[in-house]
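These notes are about the structure you will find just below.
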Amino acid sequence: MQNMRVAVIGGGLVGLSTALYITESLPQCTVTVISEEFSPNTTGDVAAGSLIPHAYPGTPLHQQKDWFKETFDYLFKIANSSEAAEAGVSFISGWQVFKMPPKDAFPFWGNVVLGFRLMTEAELAKFPSYTFGQAFTTLKCQSSLYLPWMEKR
């Protein structure tokens, strides 16, 4: 395949993630990121996030699960690498509590995250305003570190 050139618009989380994915998937491709701002001057620089998906109507759940698993596996490798601290990707364990039980006690992504289970009555007792909870380990991404890490690549 001849050397392709691709331009990605945006230097935030989505733009740099897209550029990095293209670079890793198609090494013969030259990628240029075009953006008004780059880290540390993007909206993403003040964000951090835990990887927990939400179901979107109109998109089959199996497709959403595939996308989530691909993202989880990618970030999992980073979190287990020597670059984890520099990339700002780490594991986070916790609870997700609900005032009313959700429609699906076991969400479509429950077997992708680590150690998914329903909270015990003793655990729920610590949250008297809540009636239902889930416990699991997922990944956390500190964007102020992740953006420059992606930019280097």
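Heads up: numbering here begins at 1 and tracks the sequence.
Clustering ILVMFWY residues whenever any of their side-chain heavy atoms sit less than 4.5 angstrom apart, transitively, puts Phe68 in the very cluster that holds Phe106. Taking hydrophobic clusters as Ile, Leu, Val, Met, Phe, Trp and Tyr residues chained together by side-chain heavy-atom distances below 4.5 Å, Tyr74 does not share a cluster with Ile92. One hydrophobic cluster holds both Val89 and Val113 under the rule that ILVMFWY side chains link at heavy-atom gaps under 4.5 Å.
The OH atom of Tyr21 sits 8.5 Å away from atom CG of Leu26, with the distance rounded to the nearest 0.5 Å. Residue Leu145 holds its CG atom at 8.5 Å from CD of Glu86, rounded to the nearest 0.5 Å. To the nearest 0.5 Å, atom OH of residue Tyr146 and atom CG of residue Leu75 are 5.0 Å apart. Rounded to the nearest 0.5 angstrom, Leu13 CG and Ser39 OG are separated by 9.0 Å. The structure places OG1 of Thr137 at 12.0 Å from CZ of Phe116, a figure rounded to the nearest 0.5 Å.
The environment of CD in Glu36 is sparse: at most 12 heavy-atom neighbours from other residues, nucleotides or ligands sit within 6.0 Å.
Sorted by first and then second residue, the salt bridge (Lys or Arg N to Asp or Glu O under 4.0 Å) pairs involving residues 92-118 (not counting sequence neighbours) are Arg117-Glu123.
The side chain to side chain donor-acceptor pair (under 3.5 Å) test applied to Trp149 returns Glu83, not counting sequence neighbours. Partners of Glu37 according to the salt bridge (Lys or Arg N to Asp or Glu O under 4.0 Å) rule, which considers only residues two or more places apart in sequence or in another chain, do not exist here. For Phe108, the ring pair (Phe, Tyr, Trp, His ring centres under 6.0 Å) test picks out no residue, with sequence neighbours left out.
Between the side chain of Ser81 and the backbone N or O of Ile78 there is at least one donor-acceptor pair closer than 3.5 Å. At distances below 3.5 Å, at least one donor-acceptor pair connects side-chain atoms of Gln134 with backbone N or O atoms of Ala105.
A salt bridge is absent between Asp73 and Lys77: the closest approach of a Lys/Arg side-chain nitrogen to an acidic carboxylate oxygen does not fall below 4.0 angstrom.
Hydrophobic clustering, defined by side-chain heavy atoms of Ile, Leu, Val, Met, Phe, Trp and Tyr closer than 4.5 Å, groups Met119 together with Trp95, Val97, Leu124, Phe127, Tyr130. Residue Ile34 is found in a hydrophobic cluster whose other members, listed by chain and number, are Ile9; membership requires side-chain heavy atoms under 4.5 Å apart, directly or through intermediates.
For the side chain to side chain contact (heavy atoms under 4.5 Å, CB included) with Thr138, the qualifying choice from Phe76, Phe72, Phe91 is Phe72, the only one to do so.
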